[in-house]
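See below for the structure under consideration.
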Amino acid sequence: MLEELVHPPAAPPAEAARHPFLVALGERVRTLRSRRGLTRKAVAQAANVSERHLANLEYGTGNASILVLLQVAHALHAELSELLGDVTTSSPEWLMIRELLEHRNEADLRRARQALSELFHAPGDADRARTTRIALIGLRGAGKSSLGQRLADDLGYAFIELSREIEQFAGCSIHEIHNLYGTNAYRRYERRALEEAIQIYPEVVIATPGGLVSDAANFNLLLQHCYTIWLQADPADHMSRVAAQGDMRPMAASPEAMDDLKRILAGRAAFYAKADLRFDTSAYTEEQAHRELRRQVRQVIGLPV
Ligand SMILES: Nc1ncnc2c1ncn2[C@@H]1O[C@H](COP(=O)(O)OP(=O)(O)O)[C@@H](O)[C@H]1O
Ligand SMILES: O=C(O)C1=C[C@@H](OP(=O)(O)O)[C@@H](O)[C@H](O)C1
Ligand SMILES: [Mg+2]
């Protein structure tokens, strides 16, 4: 058994035939197998694959199916993510942190995230301005731009439309950033614009782009430095408000538009829900929404209402 662990039987094939990802995957399988002290034969049996198949996988020559990988992962008592090289499985510390967090409920995970956030991001600094830096999040038509501007005017704070700042950095429209440079570049511009707004303004209302929550790093940054408010609305209100602005692009161009809108909302709701405050604009007229939002925000900041 030891002999087999130390001297693998099959010779590696020519480099040219091997894809770097498959080579790295094979190395992770071999490393895991050694760590567990298992022979190739034992793993092959437990995974219900031939030893040859497993050897090919370990040397990066075989392109195993996802279900075979799943079987091999189970045979190694590992997660599929560990085989695939997920960064959170890449070191002992990562693996132990994962173990500590595994099977926790959302409330405990939230506490863990906040504790880590404080640990790594100069807590005093992040907290001091946090309630006077107000960020509005939510889907298009929620009222981020309109209610945000009115709130900023009332408080005497700066108002930042983050999408406009992103466009300034990039020197072109949001649409062009996506088309010309791609989503990763867009996220980098978004991060830069957010970092700068946070750095410059201790007192500000920020209307954020509706999709910001889909980037975990940018959303973390927002939650750390801003008092976040999820402006909610019924799907029908989102739709009619956007349509009334004459901008049908993202949601209303097809008959399935309402389904799409509901799907986007459902996909993002769990993230929007991390906001410090939820505010349902559909319960009010725009004027009432402004007054009620103003009242609640003033209460949080400690200003007279
Ligand atoms: N109760 C309400 N709360 C907020 N906005 C409302 C309300 N009723 C109507 N509106 C209108 O809905 C639109 C919201 O759009 P906007 O502020 O641009 O949203 P977002 O910036 O979140 O995409 C505005 O034109 C606003 O006048
Ligand atoms: O919800 C979205 O995916 C988007 C919302 C838009 O921002 P607003 O929500 O500020 O309109 C804009 O960033 C882009 O079209 C994508
Ligand atoms: Mg807007």
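Counting starts at 1 for both ligands and their atoms, following the listed order.
Residue A289 has no nitrogen or oxygen atom sitting less than 3.5 Å from a nitrogen or oxygen atom of ligand 1, judged on distance alone. Taking any N or O of G143, backbone or side chain, at least one lies under 3.5 Å from an N or O belonging to ligand 1. At least one N or O atom of Q245, backbone or side chain, sits closer than 3.5 Å to an N or O atom of ligand 1.
Side chains of E118 and Q114: no donor on one and acceptor on the other come within 3.5 Å. Residues S146 and R241 bring no donor and acceptor atom of their side chains to less than 3.5 Å of each other.
Side-chain N or O atoms of R133 include none that pairs as donor or acceptor with a backbone N or O of V204 at under 3.5 Å.
Ion pairing of K262 with D259 is absent here, as no side-chain N (NZ or NE/NH1/NH2) approaches a carboxylate O to less than 4.0 Å.
The two residues R298 and L155 come nearest to each other via the heavy atoms CG-CD2, 4.0 Å.
Ring pair Y284/F279 is parallel by interplanar angle, where below 30° counts as parallel and above 60° as perpendicular.
At a 4.0 Å heavy-atom cut-off, ligand 1 touches L139 through the backbone alone. Looking at L136 against ligand 1, nothing comes within 4.0 Å, counting heavy atoms.
At least one heavy atom of G141 sits less than 4.0 Å from an atom of ligand 1.
Not one N, O or S atom of S163 sits under 2.8 Å from the Mg ion (ligand 3).
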